[in-house]
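In what follows, residues are counted from 1 in the order of the sequence shown.
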Amino acid sequence: MSICEKLILIMKMNKSSKNIFMLAIIALLIIGIAVAVYSHFKTEPIDANTSKNDILDDANSGLENFINDIFDENNIENEEKNTEKANTQVNNTQTASGTNTSNDNKDIENQITPGEKKALEFAKSEWKKKWGNLEGVSFNNESIQSDGKYIISINDSKTTKVIRRYVVDTVTGVVEEQ
């Protein structure tokens with residue numbers, strides 16, 4: 001049967017048969033397009049001949065190192081807190097009256113994480129490079145961005161007005177003015 005004969009048969013079909021035939025052709029086209037798109041975007045398994053240098057031994061090793069670093073920092077921070085608490089207790093017993101404001105400042109400093117301390121140090125050194133001294137200004141950690149960078153504000157000590165803001169990357173040590 002030639003193509004012309006097939007076309008003549010399609011022409012002789014009644015209307016409902018033509019509609020069913022057209023729907024079947026459209027369905028086959030959609031399935032064909034879906035298969036082509038899937039085969040184009042599917043991920044291939046890693047070839048056994050791929051060099052072992054390109055593959056991580058353990059995909060979670062970086063995460064474990066990161067978590068261990070956090071716990072190590074917390075342990076160091078807890079030890080510092082315990083020694084400073086012991087020092088404040090000794091100082092409090094030695095002072096007979098009044099409150100010791102330096103102990104209050106130490107308690108505030110204990111609430112700062114090691115990352116915040118680094119960011120504040122980087123911001124202070126950048127300010128000192130540009131302006132020569134740290135007089136009349138205070139530094140405040142405003143927030144931490146999702147990428148781990150700290151936003152440090154430099155405030156006027158008297159009015160507490162924000163003078164500048166720095167974005168500090170504690171990993172690379174890069175300080176950018178915002």
Inset, instruction - Could you pull out all residues at least two apart from E116 that satisfy salt bridge (Lys or Arg N to Asp or Glu O under 4.0 Å)? - result: none

Mind checking the [atom1]-[atom2] spacing from [X] to [Y]? Nearest 0.5 Å is all I need.
| X | Y | atom1 | atom2 | value |
| --- | --- | --- | --- | --- |
| R165 | I154 | CZ | CD1 | 9.5 Å |
| K128 | E135 | NZ | CD | 10.0 Å |
| S138 | D156 | OG | CG | 8.0 Å |
| L120 | T170 | CG | OG1 | 11.0 Å |
| N141 | Y150 | CG | OH | 7.0 Å |

Legend entry - Side chain to side chain, I163 and W131, heavy atoms closer than 4.5 Å: no

Inset, instruction - Report yes if the side chains of F122 and I152 come closer than 4.5 Å at any heavy-atom pair, otherwise no. - result: no

Legend entry - Intermediate values then yes/no, side chain to side chain contact (heavy atoms under 4.5 Å, CB included), W127 and Y166: CA-CA 9 Å; W127 182 264; Y166 288 135; 3.7 Å; yes

Inset, instruction - Run through the side-chain heavy atoms of Ile, Leu, Val, Met, Phe, Trp and Tyr, join any pair under 4.5 Å, and report what else lands in V162's cluster. - result: none

Inset, instruction - Spell out, yes or no, whether L29 and F21 are grouped together once hydrophobic residues are joined by side-chain heavy atoms under 4.5 Å, including indirect joins. - result: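 Yes.
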
Legend entry - side chain to side chain contact (heavy atoms under 4.5 Å, CB included) against S146, all qualifying residues, sequence neighbours excluded: none

Inset, instruction - Identify the two heavy atoms, one from V168 and one from A119, that lie closest to each other, and give their separation to 0.1 Å. - result: CG1-CA, 3.8 Å

Legend entry - Side-chain ion pair, K130 and E177, N-O less than 4.0 Å: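 Yes, this pair counts.
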
Legend entry - Main-chain N/O of V171 paired to D169 side chain as donor or acceptor, under 3.5 Å: yes

